[in-house]
Amino acid sequence: MKPKILLLDEPLSALTGVIKESIKEKIRTIAREFNLTTIIVTHDPEEALSPSDKVMIIDKGSILQYATPAEIISMPKTEFVRNFILRQLEIKRNNILALFNGSFVRAGGEAIYG
């Protein structure tokens, strides 16, 4: 018997860096290879958006938005969605920039300032 749905509850939460990215790609590969609908439960917007064709954002049992990652980023339907996705991503960006005193260097040597 071949399953049709793969449910993963916080599968990447204890992982970091390269391992996290590698597992994320492996999940995507397995889902496509076996034609599985894959549901990943996460509180991390980056984890929700990056491997997904569609994202469902739920708050207190209610579906607030079900759309592509691009649609959620460009057109969040509620303040909760805006805060959950965009605000958290902005905080991550600011934290990274703060580590480098407001700037960091691309692989080509070009400095980027936030």
Side-chain angles (χ1 to χ4, degrees):
M1 177 192 283
K2 181 182 156 217
K4 295 180 182 180
I5 298 175
L6 176 62
L7 174 60
L8 303 170
D9 188 3
E10 301 276 357
L12 306 171
S13 63
L15 305 175
T16 59
V18 174
I19 294 171
K20 184 181 229 178
E21 293 306 313
S22 174
I23 297 298
K24 201 185 309 183
E25 188 55 40
K26 192 68 169 170
I27 291 168
R28 178 174 264 205
T29 300
I30 290 169
R32 288 198 172 146
E33 181 178 330
F34 293 98
N35 196 28
L36 294 170
T37 296
T38 304
I39 300 169
I40 300 174
V41 178
T42 183
H43 293 87
D44 183 326
E46 185 180 350
E47 286 179 19
L49 296 170
S50 61
S52 304
D53 298 320
K54 293 270 190 154
V55 176
M56 181 183 295
I57 299 176
I58 301 172
D59 182 40
K60 298 176 185 160
S62 295
I63 297 171
L64 301 181
Q65 190 163 355
Y66 179 66
T68 67
E71 291 168 330
I72 287 175
I73 288 172
S74 63
M75 296 175 290
K77 287 193 173 189
T78 68
E79 194 61 32
F80 179 88
V81 174
R82 184 183 285 48
N83 287 333
F84 178 71
I85 297 292
L86 301 179
R87 181 76 179 121
Q88 285 192 51
L89 292 174
E90 183 68 21
I91 289 169
K92 280 187 175 190
R93 177 187 175 274
N94 291 340
N95 287 342
I96 290 168
L97 290 173
L99 287 173
F100 297 97
N101 296 317
S103 68
F104 63 94
V105 178
R106 281 191 184 151
E110 172 189 0
I112 302 171
Y113 299 94

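As the structure is a prediction and not an experimental result, all values here were calculated from the model.
- Taken from CD in Gln65 to OG1 in Thr78, the straight-line distance is 7.0 Å, to the nearest 0.5 Å.
- Between Ile63 and Ile58, the closest heavy-atom pair is CG1-CG1, 4.2 Å.
- If you chain together hydrophobic residues whose side chains sit under 4.5 Å apart, Leu6 and Phe34 fall into the same group.
- Residues Met56 and Leu36 do not share a hydrophobic cluster, clusters being chains of Ile/Leu/Val/Met/Phe/Trp/Tyr side chains in contact below 4.5 Å.
- Under the 4.5 Å side-chain criterion, counting only non-hydrogen atoms from C-beta, Val41 is not in contact with Leu8.
- For the pairing with Ile40, the side chain to side chain contact (heavy atoms under 4.5 Å, CB included) check across Ile27, Asp9, Leu7 returns one residue only, Ile27.
- For the atom pair CG (Leu12) and CD (Glu21), the distance works out to 8.5 Å, reported to the nearest 0.5 Å.
- Annotation: the span from Tyr66 atom OH to Ile57 atom CD1 amounts to 12.5 Å, rounded to 0.5 Å.
- Rounding to the nearest 0.5 Å gives a distance of 15.0 Å between NZ of Lys20 and CD of Glu25.
- A distance of 6.5 Å separates CD1 of Ile72 from CG of Leu49, quoted to the nearest 0.5 Å.
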Self-check item: Lys77/Leu64 under side-chain contact (heavy atoms from CB on, under 4.5 Å): CA gap, chis, key distance, verdict
Solution: CA-CA 7 Å; Lys77 287 193 173 189; Leu64 301 181; over 6 Å; no
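- For Ile19, the CD1 atom is loosely surrounded, since the number of other residues' heavy atoms within 6.0 Å does not exceed 12.
- Residue pairs meeting the salt bridge (Lys or Arg N to Asp or Glu O under 4.0 Å) criterion with at least one member in residues 51-64, sequence neighbours excluded, are Arg32-Asp53.
- Arg28 contributes atom CZ, which lies 7.0 Å from atom OG of Ser52 (distance to the nearest 0.5 angstrom).
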Quiz item: Can you check side-chain contact (heavy atoms from CB on, under 4.5 Å) on Val55 and Thr68, steps first, answer last?
Solution: CA-CA 6 Å; Val55 176; Thr68 67; over 6 Å; no
